[in-house]
Number of protein chains: 2
Amino acid sequence: MNLKQLSDQLGLSQTTVSRALNNYPEVNEHTRQRVKLAAREYNYHPNTRATRLATGRAMTVGHVIPMNSTEVFNPIFGEFIAGASQAYSRRGYELLLTMADEDMEESIYRGIASKGSVDGVIIHAPRVNDSRIKLLQQLQLPFVVHGRDHSNTSDYSWIDMNNRRAFYQATKLLIDLGHKNICLVNGSETLNFARRRRQGYVDALCDDQTGANPDLMYSGDLNEANGYSAAATALGQSDAPTAFLVSSYVGALGVRRAIHEAGLEIGSDISVIIHDDELSYFQNDGDIPQFTATRSSVRDAGERAAGMLLDIIDDPNQAPLTELLDAPLTIGSSTGPLKK
Amino acid sequence: MNLKQLSDQLGLSQTTVSRALNNYPEVNEHTRQRVKLAAREYNYHPNTRATRLATGRAMTVGHVIPMNSTEVFNPIFGEFIAGASQAYSRRGYELLLTMADEDMEESIYRGIASKGSVDGVIIHAPRVNDSRIKLLQQLQLPFVVHGRDHSNTSDYSWIDMNNRRAFYQATKLLIDLGHKNICLVNGSETLNFARRRRQGYVDALCDDQTGANPDLMYSGDLNEANGYSAAATALGQSDAPTAFLVSSYVGALGVRRAIHEAGLEIGSDISVIIHDDELSYFQNDGDIPQFTATRSSVRDAGERAAGMLLDIIDDPNQAPLTELLDAPLTIGSSTGPLKK
DNA sequence: AGGATATTTTAAAGCGCTTTGGTTAGACTG
DNA sequence: CAGTCTAACCAAAGCGCTTTAAAATATCCT
C-alpha cells in the first residue's frame, strides 16, 4: 500500500492524505480521522526512502565505532548506544552503526557525509588531538563528542565527565588511607579521557609530595587479560603496590584475578578503586558495592548525547552544546587502610 | 555535488555518468575512466536516499536487539554485530540498530517491514516458541536467526552452534573427572540456546546414572552479579557442588568471585567449564587457557550470518540456508579431578 | 559505397513521498 | 448582491537517482 493507492481508496488527493497524516492544520478534522483510520486499517506507513528523498533528511544518526584488531567492541559502547537509541526512537530517528578501523575512519566519515545517509554523528572515544573533530567541522556535519579533546580549543558540542577530578579524588582517598604505592591501570593514553585521568592521579600524588612512579602506571586497551597482566606485573615488583586505581570495571576484573592469584584479599590486604560506567552486565551496586568507585552512567550519557545531537540537527545554527557530568566517589568494600 | 552537476561538468548525460560509475558494460572504457576520475576529484558520492528510492532497495540490514530493564546490551551482541558489520561493509550494506523491549518487538518489526527501511533482519537470541520467526515469515521480510527455535519446525535460515552436544561433552568431562555435584549456571531458559544446553547437561548426567539435581541448576540473565549469586548460593548448600558449568564468560566472572570468596581454588578445589564466545574483551586463550571451555567465535558467527542474509536478499527464492557450527571442548587450567 | 550490425550515448519516465501554488465552495461583509 | 475571506482540497513540480526505450555514432561486410 502506498500513498497513491491509499488516496485513491479514500477518493482524496495525495496531498490531502499526506497532510492529514502529518497533522497539517489545513485539513478538516473529520477528513483527518477518516484518513488516519484507513491508514491504520491498511497498515500504511509512508515509505521512508521516499520521505527521506522528498524532505532531504535522513532521519538517521550515525555511530562510528573505533575498532582495532584486538579490541572489537567495548561493552561500554554497547551501553552508550542503548541509551542513545532511547532518545532516537522517542524522536523518530534511526541509528546507523559502522565499525571502523582507525585507518578507514576518515574515508568512512567522508562517505557518510557526502552520501547523505545520516543527519549527524556521535564521535566515540576521542583521542588527544583527534582528527575527526576537525574533519566533521569541515564537512559541516552536525556531531556531538562523547568526551572531549582537551588539545582542541575550537568550539564543538560534547558531553563528558570530569575525569581529572574523579581520579584526583580517588587517588586522594587512597593516599588518605595511607597508601603510597598506588598502581594506575589506565586505558590507552592516546585517548583523551585516559590522559585526563592520569593527570588527576599524578596531581594528587604530587600534591601529597609522594610523587608519581612511572613503574606503577599501566596504559593500554583495558580488557580482562590486560588488567590481569598489568596487575600481575605490578604485584611481582620488589616495591609492590598496595592499592590499584583501575579505569574500568572490565579491567578491574583482571586486576581482581591477579590479586587473588597473589593470595591477597581485596579490601583488607590491598585496596582497589575503579571507575564504574554502570554497565548493566557489570553492576557494582547494592548497600555496600563490591568496588569503591567513581561512578557515572554511560547509558545516561548516551541518552543525553543523542538528545543534544537531535537538538543540533533541528537547529544547526545554535551555539555548541556542552554538558559536564559528575562522577561521585562511592565507597564500597574494596578499600581499606594500608596494612602495616 | 549531485549527478546532474557532475554530468553537466563532464558534458555527458546523467544516464552515461550513472552507468559509468555503476560499471555497466555499455559505456566506453575511456569515458568510464574519465567519469570515475571526475567523481573522485569532486568527491561525488551518489545520494543514498535517491538511490534507494530509485532502486527500491534499502541497502540496509536491521538488527533488533532484545532488551529488558536490567539487561541492556549483552557484550555478546556487540561482538556479533562487529562481525556482521564486516560482511555488510564489504558488500556495500549498512547496519540499522534498534533496541527493543519485548513488548515493543512486534510493532517494531511491523514498522520496519512496511516502511521499507531495511532489506532484511537478523533475529537475535531466539526464544522457545519465538513469535518473531512466524511474524517475519508472514511479513515476507528476509531474515536469518542467530540460533534456532527447536519448537518451530518450519523452514527458515539460521546459524547456530551445537549447544546440546557441547554441554553434553563438557558435563561428561566433569563426570569423568569424578565430579557428581555439578552446578549448571545457565542463561535464561526462555531462550532456546539455554534450553538446549541444559538438555545436554541433563542427558550426560542421566547417561551416567547420576541424575540431575534441580537444586544445582541456575537459569537467568547471565551477568556478573547473577553468576556470583548463583554460585554463592550453590556453594552455601549442604551438598555443595564441586564443579560448575557456566554458559558465558561474563557469568563465569561472577562464579569465579564466589569461589574465591568461599576460599576455594579453581582447578584444584573446584572445577569450572564455561562456554567461551571468544569476546575480544574477555579472551580465554594462551597455551593453557584460564578456563576449560567449549568454544565458538560469536564474531565469526556474526560475519557468517550477515553473509547468509545478504545471499538471501540477493536471491530471496532460494531454499533456506543453515549452518551448524562446532564448539569444541578445549582444556584449560580450571578443571581437575575431584578432590577426595 | 552503403546497408546491416554493434557500440555508445541520450531523453525521459519513473521510484513514493512532500510541498508550492493554485482552485473551489461556502461564509461573511457592507 | 457583488466583493472579500477563509477553510478545505487538489494538480503538478521536485527530491536525485536508475532504467527503459530510442537515437546517434562507429564498425563491419559484401
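Below, chains carry the letters A, B, ... as their sequence lines are ordered, and counting in each starts from 1.
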List for me each residue that meets side chain to side chain contact (heavy atoms under 4.5 Å, CB included) alongside [X], sequence neighbours excluded, and say none if there are none.
X	result
B:Glu94	A:Leu96, A:Lys115, A:Ser117, B:Arg52, B:Thr60
B:Asp8	B:Lys4
B:Ala113	B:Leu139, B:Leu141
B:Leu325	B:Ile159, B:Met161, B:Ser296, B:Ala301, B:Arg304, B:Glu323

key: Residues B:Ser18 and B:Thr15: side-chain donor-acceptor under 3.5 angstrom   =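 Short answer, no.
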request  = Say whether A:Gln33 and A:Glu29, considering side chains only, have a donor N or O and an acceptor N or O under 3.5 Å apart.
outcome  =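 Looking only at side-chain atoms, A:Glu29 and A:Gln33 do form a donor-acceptor pair, the distance falling under 3.5 Å.
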Between the protein and nucleotides 6-10 of chain D, which nitrogen or oxygen pairs are less than 3.5 angstrom apart?
from: D:dA8; atom 1: OP1; to: A:Asn28; atom 2: ND2; distance (Å): 3.2
from: D:dC9; atom 1: OP1; to: A:Thr31; atom 2: OG1; distance (Å): 3.0
from: D:dC9; atom 1: OP2; to: A:Asn28; atom 2: N; distance (Å): 3.1
from: D:dC9; atom 1: OP2; to: A:Thr31; atom 2: OG1; distance (Å): 3.2
from: D:dC10; atom 1: OP2; to: A:Ser13; atom 2: N; distance (Å): 2.8
from: D:dC10; atom 1: OP2; to: A:Ser13; atom 2: OG; distance (Å): 3.2
from: D:dC10; atom 1: OP2; to: A:Thr16; atom 2: OG1; distance (Å): 3.0
from: D:dC10; atom 1: N4; to: A:Arg19; atom 2: NH1; distance (Å): 2.6

message = Quick check on contacts: within residues 48-56 of chain A, what sits under 4.0 Å from DNA chain D by heavy-atom distance?
response =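 Under 4.0 Å from DNA chain D: A:Leu53, A:Ala54.
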key: Sequence neighbours excluded - ring pair (Phe, Tyr, Trp, His ring centres under 6.0 Å) pairs with any residue from residues 10-33 of chain B   =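 For residues 10-33 of chain B: none.
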request  = Carefully, step by step, assess B:Gln14 and B:Asn2 under the rule side-chain contact (heavy atoms from CB on, under 4.5 Å).
outcome  = CA-CA 10 Å; B:Gln14 299 190 30; B:Asn2 62 23; over 6 Å; no
ask   = Contact boundaries of DNA chain C with chain B (under 4.0 Å, heavy atoms), 5' to 3'?
value =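 Using the under 4.0 Å cut-off, the span is C:dT8 to C:dG16.
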query = Yes or no on side-chain contact (heavy atoms from CB on, under 4.5 Å) for A:Val298 and A:His146, after CA distance, side-chain angles and deciding distance?
reply = CA-CA 10 Å; A:Val298 70; A:His146 177 215; 3.7 Å; yes
I'd like to check the ring pair (Phe, Tyr, Trp, His ring centres under 6.0 Å) partners of [X]; sequence neighbours left out, ordered by chain and number.
X	answer
B:His63	B:Tyr88, B:His124
B:Tyr281	none
A:Tyr93	none

query = Through what angle, rounded to 10 degrees, does the axis of the helix from C:dA1-D:dT30 to C:dG30-D:dC1 turn between its ends, using five pairs per end?
reply =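 So the angle between the two local helix axes works out to 50°.
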